[in-house]
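Notes for the one structure printed next.
Since the structure is predicted, the reported quantities are computational estimates derived from the model, not experimental observations. Along the sequence shown, residues carry numbers from 1.
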Amino acid sequence: MSEPVAEIGAGTRREFLLGAGMAAGGVAVLGADLPAATRPTKSPPAAEGQPPAAGAQPPAAGAQPPAAGGQPPAAGGQPGSGFRSSAPPEKHLSQLGPLRELAGTWVGSGFNLISLPDFGNPQGPQPFRLKLNGTHETLEFQQIGGNVPNRGSKGQKDINIFGLTYLQRISDSISNGALHIEPGVWLHVPATTVPDQPATVVRQGSIPHGTSILAQGAVIPTVDGGPRIQAVDSTPFDDKGPITSPTYLAPFSSATFPPGFRPPFLKNPNLALEDAILGQNIVKTVVLSISTKTSAGPSFTGGGVLNIPFLVSNANATQLDAVFWIETVQQPDGTQFLQLQYTQTIILNFLAINWPHISVATLIKQ
């Protein structure tokens, strides 16, 4: 069983886990490349013959005496052995690559479209029901206070990964009832030779329905101007193609729209993103495109979705694709602000049909 070990860097509060799953067989340590001067040390001992300082504890039985010159004891007795303090935040923000502007709190609104099994319908079991919500959202990012080393082999040198933790909270825009909560991590992974892969961004998330996701994508150069938002399609499909029966798809034609939801959004919710930025002067856009699909070749990426058995049997989440746009918006007076837009499609499989679950939002950095 892993146990939490508090990071000892001044001003930091995060905890990291020792044990299984950390850094390819090693312990995740922070600030591995920091100079020795930044590492925490014990206070120098009192002069010979002087009493210890007020509040000082006597040495524990078997503890090693301090080395000559008041230096900390040798390996094995050093405080927080294996852990180092966090460097200034500017240093680590520069290591986050395209993720560096995410740090902070984003607030805004959007829409959520999902088809759900309707076995419990009071009028008798139905194939599915369509749920549409206007949403309020808060998305918080906090940078990890140091580097996380991953150990290389087969000719690959060790690499350092930098990242941010995040917490996403979504509620219904009318009732304020909770719809979604998701803690996780975004990572910036440098280019490697084994595997032969460019720099990538990774999102690891945990959803309390019983689903965990790992989605990855290559780093994309910053775009001048606004985002290029492509269409998505909410139409369910099977191995033969889209489901087109009007009778079967009746819940789509009889759906009740939340406030601000226009009829064209039903097929392509990304139109809501285009509406939100209509008339804005977006001067540059950082693009984060990720997927749980595994691809081979020069742009090899890995990922996946894991579900508890109940979900696998009843509404199996099989794939996630998402694009996040970090937009710099310039106002008429010349001032700028940061805006985050995203579209996310999760494929749910039930009744041997694939049902796109699409979420979109436009958020402003606070």
Side-chain angles (χ1 to χ4, degrees), residues 11-13 86-112 134-145 162-171 173 176 180 182 184-188 199 201 203 217-232 258-262 265 268-290 322-344 359-366:
T12 59
R13 302 188 303 273
S86 176
E90 295 79 9
K91 171 181 172 64
H92 294 302
L93 284 173
S94 68
Q95 301 283 358
L96 288 172
L99 306 179
R100 60 184 172 272
E101 291 177 325
L102 287 178
T105 300
W106 305 76
V107 176
S109 60
F111 296 104
N112 180 72
T135 58
H136 290 316
E137 178 169 344
T138 300
L139 184 52
E140 299 170 295
F141 296 88
Q142 186 172 12
Q143 70 184 88
I144 296 172
F162 293 82
L164 310 101
T165 62
Y166 73 88
L167 178 63
Q168 182 183 40
R169 291 173 291 175
I170 301 175
S171 60
S173 61
N176 291 320
H180 181 82
E182 179 184 326
V185 177
W186 277 87
L187 303 173
H188 178 224
V201 292
R203 174 177 152 210
V219 170
I220 299 173
T222 298
V223 175
D224 291 330
R228 281 58 166 173
I229 302 175
Q230 299 182 353
V232 291
F261 191 96
R262 297 195 295 111
F265 297 175
N268 176 18
N270 280 3
L271 291 173
L273 299 177
E274 296 181 355
D275 277 10
I277 60 175
L278 192 64
Q280 287 186 343
N281 180 19
I282 300 175
V283 296
K284 71 172 182 177
T285 303
V286 176
V287 184
L288 308 174
S289 181
I290 55 172
V323 184
F324 288 72
W325 295 276
I326 308 171
E327 303 156 355
T328 300
V329 184
Q330 184 161 312
Q331 302 188 88
D333 63 1
T335 59
Q336 297 180 339
F337 66 91
L338 289 177
Q339 182 170 266
L340 178 64
Q341 292 191 293
Y342 73 81
T343 178
Q344 175 176 286
S359 303
V360 298
T362 300
L363 314 174
I364 304 297
K365 192 170 186 178
Q366 304 301 290

Point to revise | Partner residues of Asn176 under the side chain to side chain donor-acceptor pair (under 3.5 Å) criterion, sequence neighbours left out | key: none
Check your understanding: How many angstroms lie between atom CZ of Phe337 and atom CD of Gln366, to the nearest 0.5 angstrom?
Key -> 11.0 Å
**Study point:** Ile220: partners by side chain to side chain contact (heavy atoms under 4.5 Å, CB included), with sequence neighbours left out
**Key:** Val287, Ser289
Exercise for review: Please name all residues satisfying side chain to side chain contact (heavy atoms under 4.5 Å, CB included) with Ala231, sequence neighbours left out, ordered by chain then number.
Suggested key: Asn268
Revision key, fill the gap. Hits for side chain to side chain contact (heavy atoms under 4.5 Å, CB included) against Ala322, two or more places apart or cross-chain, chain-then-number order -> Arg203, Ile290, Leu320, Phe324, Gln344
Exercise for review: Examine distances only and state if a side-chain atom of Glu101 and a backbone atom of Leu99 form a donor-acceptor pair shorter than 3.5 Å.
Suggested key: no
Practice item. Determine, step by step, whether His180 and Thr135 satisfy the side-chain contact (heavy atoms from CB on, under 4.5 Å) criterion, reporting the C-alpha distance in whole Å, the side-chain angles of both residues, the deciding distance to 0.1 Å, and the verdict. Key: CA-CA 10 Å; His180 181 82; Thr135 58; over 6 Å; no
Do any side-chain atoms of residues 105-112 form donor-acceptor pairs under 3.5 angstrom with protein atoms, and if so which ones, sequence neighbours left out?
residue	atom	partner	partner atom	Å
Trp106	NE1	Leu102	O	2.9
Asn112	OD1	Ser359	OG	2.9

Review point. Side chains of Gln280 and Glu327: do they bring a donor and an acceptor to under 3.5 Å?
Key: no
Revision key, fill the gap. Residues at least two apart in sequence or cross-chain that pass side chain to side chain donor-acceptor pair (under 3.5 Å) with Thr285, listed by chain then number, are none
Review point. Is the number of heavy atoms from other residues, nucleotides or ligands within 6.0 Å of NZ (Lys365) greater than 12?
Key: yes
Practice item. With sequence neighbours left out, write down each residue that passes side chain to side chain donor-acceptor pair (under 3.5 Å) with Gln331, or none if nothing qualifies. Key: Thr335
Check your understanding: Which pairs with one or both residues in residues 218-232 pass side-chain hydrogen bond (donor to acceptor under 3.5 Å, both in side chains), sequence neighbours excluded?
Key -> none
Study note, to complete from the structure: So salt bridge (charged side-chain N to carboxylate O under 4.0 Å, His left out) across residues 273-283, not counting sequence neighbours, yields Arg262-Asp275
**Study point:** Flag side-chain contact, heavy atom, 4.5 Å: Val201 against Leu187
**Key:** no
Exercise for review: Return the minimal non-hydrogen interatomic distance between Leu288 and Pro98, and the atom names on each side.
Suggested key: CD2-CB, 3.8 Å
**Study point:** Student check: side-chain heavy atoms of Thr343 and Pro269 closer than 4.5 Å
**Key:** no
Exercise for review: Any salt bridge (charged side-chain N to carboxylate O under 4.0 Å, His left out) involving residues 134-144? Give me the pairs, sequence neighbours left out, ordered by first then second residue.
Suggested key: Glu140-Arg169
Check your understanding: When rounded to the nearest 0.5 angstrom, what distance separates CD in Gln339 from OG1 in Thr328?
Key -> 10.0 Å
Review point. Which pair of heavy atoms, one from Gln341 and one from Ile229, lies closest together, and at what distance?
Key: OE1-CD1, 4.1 Å
Check your understanding: Okay, side chain of Gln95, backbone of Phe162: is any donor-acceptor separation there less than 3.5 Å?
Key -> no
**Study point:** With Gln330 via side chain to side chain contact (heavy atoms under 4.5 Å, CB included) - residues at least two apart
**Key:** Asn281, Val283, Gln336
Point to revise | Side chain proximity check, Phe265 to Val360, heavy atoms < 4.5 angstrom | key: no
Check your understanding: Can you name the closest pair of heavy atoms from Pro227 and Ile282 and give their distance?
Key -> CD-CD1, 3.9 Å
